[in-house]
Amino acid sequence: MAQESTADKNVPVIELRHVDKHYGDLHVLRDVSLSVARGEVLVVIGPSGSGKSTMCRTINRLETIDSGEILIEGEPLPQEGRELARMRSELGMVFQQFNLFAHKTILENVTLGPREVLGQSKEEAEKYAMELLERVGVASQAHKVPAQLSGGQQQRAAIARSLAMRPKAMMFDEPTSALDPEMINEVLDVMVELARGGMTMVVVTHEMNFARRVADRVVFMADGQIVEEGTPDEFFDHPKTQRARDFLDSIKGH
Amino acid sequence: MGLAELLGTYGQNYLDGLLATWSMSAVSFVFVMVLAVLVTVARVSPVAPLRGLGELYVQVFRNIPGVALLILVAYALPQLRVVLPWRTCVIVTVVLLGSAFGSENFMSGINTIGVGQIEAARSIGLTFTQILRHIVIPQALRTTVLPMTNLLIAVMLSTALGSQVPMTPQELTGVVSYVNTRATGGILAFLISALGYALTAIAISFLGNRLDKRVRVLR
């Protein structure tokens, strides 16, 4: 399997097979199977506590799983150590709380991974970092520390930090949920650009307009299960299950 | 004996004592910081026995009186054919005590670093040691400048344990014993040394405050 993985376009970039996970008595992921093709934008929605964030976090093993399999380009996700670190470096992750390194400047945040993990020189890493910061619109903030930036700027910088690793896929775990309303769009715009550029993306979000506009496929989760999946039009206009209809009704007011 | 006479006769002893206190404090504090980092790394490591060892270290050396520990280092170790110079005995004692407290300071500094930053560091593929080196230790150091300033003062005061062994040159407290065995300096002999400690402590906290303002991590 391993040798054909990187070249073969038909192998999913991310694949979950029958994944189960418990937190004590709570069954947070129930037999979740899912695959994400190269260049696909998958949007995961569902009520809070549905397991969608947990599912997203299992993909680079920030959460362990009890049973099942997770494959990245056909290779099983390593359990620990250097192999796991290497695999993580190939998957970008953007968090709800941005999680920039508080003691480092924005530029240092973006160059740390490329220098330490990819072994790039300072010049090389900084050149690409500045390009990325330019792209997400925070180049002028490069020499400030995170606390001096707005939430929207921090999140865009965090996206640049992930992109600097030239990842195979990007995961977004509720990237706009901690933002003031006026900053949500500046982050979503960056994500739309990425999607148009062909990035493989898994996006956990409550932004239904984003899902409608950008998603290739929408996955609806509830109670740790994938209840329904389909194209945005199918899902939003003709939901098949009562759970999905109830959920969509409950957010219509917004 | 009046102040002028005390200083006239023993001024040089006090000066040597102050320098001995300063140099022992400096040497001790360097080792305190190094050991505190190492012990703390053990306490947060993924290896359970190492964590246990780190905890044990802190519990033992945080809870043992300085004099008792000095007696062990100075008079019990020679039974195991480890004979250290007096000055080294005092420094070892101070370092063992100080590093246990230093590690506690570090742990509280580490606890201020959100788990989110660690997850972000893992996500870009940094290994455990790289995360310690680039994220955890620098932030823990920068957020604990003030408690570490207090620790440096405590370390300096602990070097007074040197008065319990026949060191040469003596440190500030040892000088007082020396003076009071040959003259009737009384309380005044103590006050001169106390002034040395107090002025040093004030200088340390002034510098600590300045350093803290420079390096504090904005949140």
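We name chains A, B, ... by the order of the sequence lines, and we start the count at 1 in each one.
Under the side-chain contact (heavy atoms from CB on, under 4.5 Å) criterion, A/Leu194 pairs with A/Arg135, A/Ile159, A/Leu163, A/Met170, A/Phe172, A/Met199, A/Met201, not counting sequence neighbours.
For the options A/Gly113, A/Ala147, A/Ala102, heavy-atom pairs under 4.5 Å to chain B are most numerous at A/Ala102. When each of B/Ile135, B/Val217, B/Val215, B/Leu218 is checked for heavy-atom pairs under 4.5 Å with chain A, B/Ile135 comes out on top.
Atom CD1 in B/Ile131 sits 8.0 Å away from atom CZ in A/Phe101 (nearest 0.5 Å).
Nearest approach of A/Phe95 to B/Ala120, heavy atoms of both residues: CE1-CA, 3.6 Å.
With a threshold of 4.5 angstrom between heavy atoms, A/Leu100 approaches chain B through N, CA, C or O but not through any side-chain atom.
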Inter-chain polar pairs, chain A versus chain B: which donor-acceptor atoms lie under 3.5 Å apart?
from: A/Arg57; atom 1: NH1; to: B/Glu119; atom 2: OE1; distance (Å): 2.8
from: A/Arg57; atom 1: NH1; to: B/Glu119; atom 2: OE2; distance (Å): 3.4
from: A/Arg57; atom 1: NH2; to: B/Glu119; atom 2: OE2; distance (Å): 2.7
from: A/Asn60; atom 1: ND2; to: B/Ser123; atom 2: OG; distance (Å): 3.4
from: A/Asn99; atom 1: ND2; to: B/Gly116; atom 2: O; distance (Å): 3.2
from: A/Ala102; atom 1: N; to: B/Gln117; atom 2: OE1; distance (Å): 3.2
from: A/His103; atom 1: ND1; to: B/Gln139; atom 2: NE2; distance (Å): 3.0
from: A/His103; atom 1: NE2; to: B/His134; atom 2: O; distance (Å): 2.8
from: A/Glu116; atom 1: O; to: B/Gln130; atom 2: NE2; distance (Å): 3.2
from: A/Glu116; atom 1: OE1; to: B/His134; atom 2: NE2; distance (Å): 3.2
from: A/Glu116; atom 1: OE2; to: B/His134; atom 2: NE2; distance (Å): 3.3

